[in-house]
Amino acid sequence: MFVSRYLGGAVAALAGLVVQAQADTWDMPTPYPDATFHTVNIHQFAEDVATATDGGLEIKVHSAGSLFKHPEISKAVRSGQVPAGEFFLSLLANDNPAFGIDSMPFLATNYDEAMRLWAAQKDVIDGLLDDQGLMALYAVPWPPQGLYTTKEINSVADLAGLKFRTYNATLEEFANLAGAAPTQVEVPDIPQAFSTGRVEAMITSPSTGVNSKAWDFLTHYTDIQAWIPKNIVVVNKRAFRRLDDATQAAVLEAAAAAEQRGWEMSMAETAAQTAVLAENGITVVAPSDELMTGLRDIGAQMLDNWTAEAGDSGAALLSAYQQ
Ligand code: PCA
C-alpha cells in the first residue's frame with residue numbers, strides 16, 4: 001500500500017517534470033490593440049515559434065496593455081516578471097538618448113533612411129539592452145508620422161495652444177516648441193481622450209489614426225512625414241538562456257522573419273491606411289512650405305539639444321547614420 005502510493009506519487013511527479021520540459025509558456029505583454037499591424041505581426045511570430053518548436057514554446061500575447069501598462073513593460077521584462085515584451089523603443093530615451101533618436105523630427109523620414117538609422121543604432125541599442133539584462137529580438141517601424149487636427153494647419157503658429165496628444169518625451173518637446181499643450185495618452189485611450197476634450201490634435205501614423213477611428217473626432221490629416229519611430233521586441237536574457245538550443249534557434253529565426261515581415265507591413269500600411277483616412281472623410285493634405293519650414297526649424301533645435309545631451313557616443317551614432 002505504502003509502496004504503491006509512493007510509486008504513484010513518483011510517477012506523477014516525473015510526468016509533471018516531463019511535461020514541464022516539453023512545453024513552456026511565455027506571457028508576452030504588448031501595448032497596442034490586436035488590429036494594429038505590429039500586434040498582428042507578433043501573433044504571427046508566436047505562431048511561427050509554436051510551429052517550429054512543435055508546441056514546445058507557446059508565446060501568449062497580452063495586447064493593448066492588458067497585462068502590463070505600456071510604461072511598465074520594459075521593467076517587467078527586465079525584472080523577469082515576464083520573459084518577453086514589446087514597447088515603443090524611444091520610451092527608454094530617459095535611460096540613454098540613443099533609444100530616442102528614431103523619434104527625432106525630420107532626421108529619418110523615409111524607409112531607406114529609417115533602415116540606415118536602425119543599422120547605425122542597432123549595436124548601441126544591443127549593448128544598452130544587454131546591460132539591462134535584455135536582448136533585442138527585432139524592431140519594426142511605424143509609418144511616417146503625420147499631423148491630425150480639427151482645422152487646416154498652414155504654419156506652426158496654427159498649432160499654438162492646441163491640446164496635443166503625445167506618446168513620448170521627444171514628441172512632448174516638439175509640441176512644447178510648437179507652442180501646443182502636450183498630454184501623454186496611450187493608444188488604447190486615444191478615442192476617449194478626444195471625445196472628452198482632453199486633447200484636440202495629435203501626431204501619429206496613418207495606422208494609429210485608422211485603428212483609433214480618427215474620423216470620429218478629427219477632420220484634417222497633414223502628411224508631414226516627420227519621423228519613423230520603432231517598436232522593439234525584447235526577451236529577458238536569463239529566460240532565453242533557459243531554453244534549449246533548438247528552441248533558442250527557433251525564436252531567433254522567427255524573430256528575423258518578423259523583422260523583415262514587419263518592415264514590409266509598415267511600408268504597405270503607409271499608403272493603404274492614408275487612403276482609409278480619406279475614405280472615411282478626413283481631409284488629407286500635403287503640408288504647406290511655411291508649415292514644413294517652421295517644423296524643420298524645431299527639428300533642428302531638437303537635434304542640437306539631443307547632440308548636446310548624447311555626448312560622444314551620440315555623435316558617433318549620428319555620424320554613422322550620416323555617412
Ligand atoms: N503609433 C503609436 C506610436 C507611433 C505610432 O504611429 C502611438 O501613436 O502611440
Side-chain angles (χ1 to χ4, degrees), residues 29-42 63-66 68-74 85-93 99-111 114 117-118 139-149 162-175 180 182-194 198-218 221-233 262-263 265-277 282 284:
T30 77
Y32 304 104
D34 281 319
T36 313
F37 76 93
H38 287 282
T39 317
V40 171
N41 193 31
I42 287 173
S63 58
S66 57
F68 285 97
K69 296 277 165 223
H70 193 181
E72 304 303 321
I73 292 178
S74 62
E86 179 204 33
F87 53 87
F88 196 52
L89 179 61
S90 51
L91 286 193
L92 298 189
F99 287 117
I101 190 72
D102 59 347
S103 283
M104 187 56 60
F106 305 107
L107 182 65
T109 61
N110 60 51
Y111 282 97
L117 185 59
W118 180 221
V140 168
W142 292 89
Q145 305 288 291
L147 175 62
Y148 293 79
T149 53
L162 291 184
K163 290 182 271 177
F164 213 93
R165 179 260 165 173
T166 60
Y167 52 59
N168 68 8
T170 318
L171 180 49
E172 194 176 315
E173 184 184 0
F174 192 71
T183 299
Q184 176 83 23
V185 178
E186 291 297 336
V187 166
D189 305 326
I190 288 177
Q192 210 206 356
F194 277 94
R198 212 147 66 82
V199 292
E200 55 188 339
M202 65 178 174
I203 287 181
T204 186
S205 57
S207 307
T208 296
V210 168
N211 293 153
S212 313
K213 295 197 164 50
W215 45 86
D216 285 347
F217 38 83
L218 289 155
Y221 179 71
T222 310
D223 193 9
I224 56 174
Q225 304 183 9
W227 58 92
I228 300 185
K230 290 182 290 290
N231 287 355
I232 193 159
V233 170
W263 282 74
M265 289 170 99
S266 182
M267 290 181 228
E269 285 256 323
T270 305
Q273 302 289 54
T274 305
V276 174
L277 291 175
I282 298 258
V284 175

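All values derive from a computational prediction rather than experimental measurement. Whatever order the structure lists ligands and atoms in, that order sets their numbers, starting from 1.
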Atoms in ligand 1 with a heavy atom of Val187 nearer than 4.0 Å: 2 (C), 7 (C), 8 (O), 9 (O)
N or O contact, Arg165 vs ligand 1, cut-off under 3.5 Å: yes
Minimum heavy-atom distance between Trp227 and Ser103, given as atom pair plus value: CD1-CA, 3.5 Å
Check: Leu277 and Val210 side chains under 4.5 Å, non-hydrogen atoms: yes
Nearest-neighbour protein heavy atom for atom 6 (O) of ligand 1, which is reported as residue plus atom name and distance: Ser205 OG, 2.6 Å
Test of proximity, Thr208 against ligand 1: N or O pairs below 3.5 Å: yes
Shortest protein contact, atom 5 (C) of ligand 1 (heavy atom only): Thr204 OG1, 3.1 Å
Parallel, tilted or perpendicular: rings of Phe217 and Phe194 (30°, 60°): parallel
Nitrogen or oxygen atoms of Tyr167 and ligand 1 under 3.5 Å apart: no
Option from Tyr167, Phe88, Trp142 for which ring pair (Phe, Tyr, Trp, His ring centres under 6.0 Å) with Tyr32 holds: Trp142
Note, Arg165 side chain near Thr204 side chain (heavy atom, < 4.5 Å): yes
Backbone N/O of Ala201 and side chain of Thr149: donor-acceptor pair under 3.5 Å: no
Subset of ligand 1 atoms that lie under 4.0 Å from at least one heavy atom of Gln145: 4 (C), 5 (C), 6 (O)
